[in-house]
Amino acid sequence: MLEGAARRIEAALQLERREARLEARVLAARALEVAPAWLLGHDRDELRPAQAAALETLVARREAGEPVAYILEEREFHGHLFRVTRDVLIPRPDTERLVEAALERGPTQGPTRALDLGTGSGCIAISLALARPDWDVWAVERSPAALVVARDNARRLGARVRFQEGDWFAGLEGQAFDLIVSNPPYVAAADSHLLQGDLRHEPRSALASGPEGLDDLSRLIEGAADHLTEEGWLMLEHGCHQGDACRVLLNQQNFRKVSTLADLAGLPRVSLGCRPFKGCRESLQHTRIHT
Ligand code: GLN
């Protein structure tokens, strides 16, 4: 039964055989209500009609292109199982690099305030809150439907996160954080990837950001200094070709210790910088007025 399902998925989505097999196994596990590992020894078992029908429904949805995470309504991220719906971006392993960077550089003691902008499923904020229960973690999201999912994830996983509806920094006047992290939309609006694979099914507002994909990254870099504490860090996920552009933007805003970190595949994925010195910011505002 698994081999047939894997072949159909492989043919419909042009996946590699290994990946199609893996997908067939997790879909079958859901249909049969067993653990995927159980299927390793039972992949040739005869199915009861109800089981066969349940598997058929899931395989047909996948054949039609629906992402596995939306079919199962869950995805693992940073060791936790998150509920995902079509209202949120599917958590990616690449984004774990951002969580790690925040945990590595965040203050090791004292009261720490962390902010996740555009939290989506809540996977970044919740992973931080679970790893550092002593941190005061805030999460902002513009989409009310996504916020429902994020709040639900925090409740299920027992994470203490302050969620707030809002558009990036709007609504955060007067608030300063030791860490600001974000996985904003960063795909170029005309990028053909938006029309392929899982991306076709994900919220466009969580993916696309202007002609070069840099609109929201620029807004975040321009707005962050006003919301960072003295030694506060801004850390942003971006596309693998956007590292140079992000460092230029961070340097233009006088961020210090600017650098880019690679993801699991060795590609530039997270750029970061420390809050500009106060004097620098004043001179920057001065320059802005005259240019
Ligand atoms: N990394 C995602 C992709 O290209 C994009 C996520 C995002 O725009 N934040 O599949």
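Start at 1 and go down the list; that is how both ligands and their atoms are numbered. Starting from 1, each residue takes its place in the sequence as its number. Computed from a prediction, not measured in an experiment: that's the story for all the values here.
Taking the salt bridge (charged side-chain N to carboxylate O under 4.0 Å, His left out) definition, one finds that Arg17 meets it with Glu3, Glu10, sequence neighbours left out.
The protein heavy-atom contact nearest to atom 8 (O) of ligand 1 is Tyr186 N, 3.2 Å. When only non-hydrogen protein atoms are considered, atom 10 (O) of ligand 1 lies nearest to Arg92 NH2, 2.9 Å.
Near Pro185, the atoms of ligand 1 lying under 4.0 angstrom from a non-hydrogen atom of the residue are 8 (O). For ligand 1 and Pro184, the ligand atoms under 4.0 Å from any heavy atom of the residue are 7 (C), 8 (O), 9 (N). Every atom of ligand 1 is numbered from 1 in the order shown, and the set under 4.0 Å from a heavy atom of Ala206 is 7 (C), 8 (O), 9 (N). Below 4.0 Å from some heavy atom of Leu199 lie the following atoms of ligand 1, by number and element: 10 (O).
Crowding of Glu173 atom CD: a count of heavy atoms from other residues, nucleotides or ligands under 6.0 Å exceeding 12. Atom CZ of Arg142 has 12 or fewer neighbouring heavy atoms from other residues, nucleotides or ligands inside a 6.0 Å radius.
Using a 4.5 Å heavy-atom cutoff, the side chains of Asp116 and Val140 are not in contact.
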Between Tyr186 and Leu214, does the side chain to side chain contact (heavy atoms under 4.5 Å, CB included) criterion hold? Intermediate values first, please.
CA-CA 6 Å; Tyr186 55 68; Leu214 291 169; over 6 Å; no
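For a threshold of 3.5 Å applied to N or O pairs, the pair formed by Arg269 and ligand 1 contains no separation below that value. Taking only nitrogen or oxygen atoms, main chain and side chain alike, Leu89 does not reach within less than 3.5 Å of ligand 1.
The ring pair (Phe, Tyr, Trp, His ring centres under 6.0 Å) pairs that include a residue from residues 200-251 are Phe169-His227, where partners are two or more places apart or lie in different chains.
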